[in-house]
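A quick write-up on the structure given underneath.
Keep in mind that this is a model prediction, so the values were computed, not measured.
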Amino acid sequence: MIKNLNYIDEEIYLKEKSLFLNESWILAAHKNELLNNNDFVTFEYYENKIFIQNFNGAIKSFQNVCLHRFNTIHEEPCGNRVSSCLYHNWTYGKKGNVIGLMCRNSFERDHINELKLKEYEVAECGDFIFLKLNDQFKDTLEEYLGNIYTPLKEISKHFGSKTIDYSIEHKVNWKLLVENVLECYHCTAVHENSFAKMGFGSLPPEKFDFYNAHSW
């Protein structure tokens, strides 16, 4: 059992935050969300605004903040359009560089050519797309996931297109939400026509394993 202190202690929270920011690969998207040129997904991670986008088949990830007046580039959680800030129409290419802007002659050419959005390294496990925020963290995605990499790769192939998407904000420790989902005591009542019919909540897990900080 996890000690109660793990849910409320500030020092433990700061250690977790450092681990997630500096020593982790983050599951960020699925390929089905980025099938077409200019498809994008956005999210915030510990106050970091991030977007992932399909640039003519290349999946790239950048900080979702324009370099001109620091406006958010993609306001929507997902969509399809070029990576262009709607404030002054600064547009960015697959290298994070400025490829278009209004009144370009008003800016020094060399200065504009040097500007690039902060980029995050992207890697794939099957159809799952991961990224890391700290470029000093040297573990590859496969090294990071260890013996979970292969089964996760297989799981990723069984996802279709998204049918529903909504979010609920909770002011609660993240571990409590994870435990609530894994427990599935609610499955019979909330998911009676889906997960409950598949046995979730009434049958024991077929497999359970650990690898470093991961469990599955």
Side-chain angles (χ1 to χ4, degrees), residues 17 20-21 24-104 106-107 112-135 141 145 152-153 155-172 174 177-178 181 190-191 194-195:
K17 181 178 179 180
F20 294 148
L21 288 173
S24 298
W25 282 88
I26 306 162
L27 176 58
H30 190 277
K31 282 186 178 180
N32 287 344
E33 300 175 277
L34 300 165
L35 290 176
N36 305 304
N37 182 39
N38 290 326
D39 279 352
F40 69 86
V41 174
T42 70
F43 65 98
E44 288 194 33
Y45 191 80
Y46 284 104
E47 301 177 354
N48 291 279
K49 290 186 174 184
I50 301 168
F51 76 90
I52 309 169
Q53 188 153 356
N54 182 331
F55 291 89
N56 289 312
I59 306 300
K60 307 295 286 289
S61 179
F62 300 99
Q63 189 174 42
N64 193 19
V65 179
C66 182
L67 298 173
H68 181 220
R69 294 296 186 187
F70 311 117
N71 191 58
T72 303
I73 298 170
H74 289 302
E75 296 281 359
E76 305 87 353
C78 60
N80 180 283
R81 69 177 184 86
V82 297
S83 51
S84 179
C85 173
L86 299 180
Y87 192 21
H88 294 112
N89 290 336
W90 279 42
T91 303
Y92 299 90
K94 67 179 181 179
K95 296 181 180 180
N97 55 313
V98 181
I99 60 173
L101 72 161
M102 298 188 302
C103 306
R104 190 180 187 104
S106 300
F107 300 88
I112 293 297
N113 291 340
E114 292 173 359
L115 292 177
K116 286 188 177 181
L117 294 172
K118 180 178 176 62
E119 184 173 0
Y120 304 107
E121 184 178 346
V122 172
E124 299 173 0
C125 176
D127 288 342
F128 289 133
I129 299 172
F130 287 75
L131 62 88
K132 66 177 181 180
L133 300 184
N134 180 15
D135 57 9
L141 178 59
L145 292 175
L152 196 61
K153 182 178 179 179
I155 289 171
S156 76
K157 304 297 183 181
H158 298 278
F159 283 75
S161 59
K162 186 182 294 185
T163 57
I164 187 171
D165 185 15
Y166 65 91
S167 62
I168 303 174
E169 185 172 328
H170 297 269
K171 292 185 178 180
V172 65
W174 67 273
L177 296 178
V178 172
V181 171
V190 180
H191 308 294
S194 55
F195 292 129

Which distance, rounded to the nearest 0.5 Å, do you find between the [atom1] of [X] and the [atom2] of [Y]?
X: Leu117; Y: Ser83; atom1: CG; atom2: OG; value: 7.0 Å
X: Asn48; Y: Leu133; atom1: CG; atom2: CG; value: 5.5 Å
X: Lys49; Y: Phe43; atom1: NZ; atom2: CZ; value: 13.5 Å
X: His88; Y: Trp90; atom1: NE2; atom2: CH2; value: 9.5 Å
X: Lys94; Y: Asn54; atom1: NZ; atom2: CG; value: 11.0 Å
X: Lys60; Y: Gln53; atom1: NZ; atom2: CD; value: 11.0 Å

message = According to side-chain hydrogen bond (donor to acceptor under 3.5 Å, both in side chains), who are the partners of Ser84, at least two apart in sequence or on a separate chain?
response =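 Ser84: side-chain hydrogen bond (donor to acceptor under 3.5 Å, both in side chains) contacts with Thr91.
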key: side-chain hydrogen bond (donor to acceptor under 3.5 Å, both in side chains) involving Glu33 - partner list, sequence neighbours excluded   = Lys162
message = Checking Lys153 now: which residues fulfil side chain to side chain contact (heavy atoms under 4.5 Å, CB included) with it, not counting sequence neighbours?
response =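 Checked Lys153 against side chain to side chain contact (heavy atoms under 4.5 Å, CB included); matches are Cys125, Tyr149.
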request  = May I ask you to decide if Asn64's main-chain N or O and His74's side chain share a donor-acceptor pair within less than 3.5 Å?
outcome  = no
query = Does one side chain, of Asn38 or Asn80, offer a donor that lies under 3.5 Å from an acceptor on the other?
reply =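 Judged by distance alone, the side chains do not pair up.
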Least distance between heavy atoms, Lys95 atom then Glu119 atom =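 Lys95 and Glu119 have their closest heavy atoms at O-OE1, 4.4 Å.
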task = Please report the shortest heavy-atom distance between His30 and Ile129, naming the atom on each side.
result = C-CD1, 4.2 Å
ask   = For Phe55, does the CZ atom have more than 12 heavy-atom neighbours from other residues, nucleotides or ligands under 6.0 Å away?
value = yes
query = Which of these passes side chain to side chain contact (heavy atoms under 4.5 Å, CB included) with Leu131: Leu141, Ile59, Ile26?
reply =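 The single option meeting the side chain to side chain contact (heavy atoms under 4.5 Å, CB included) with Leu131 is Ile26.
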ask   = Mind checking whether Phe128 and Phe159 have ring centres under 6.0 Å apart?
value =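 Yes - the distance between ring centres of Phe128 and Phe159 falls below the 6.0 Å cut-off.
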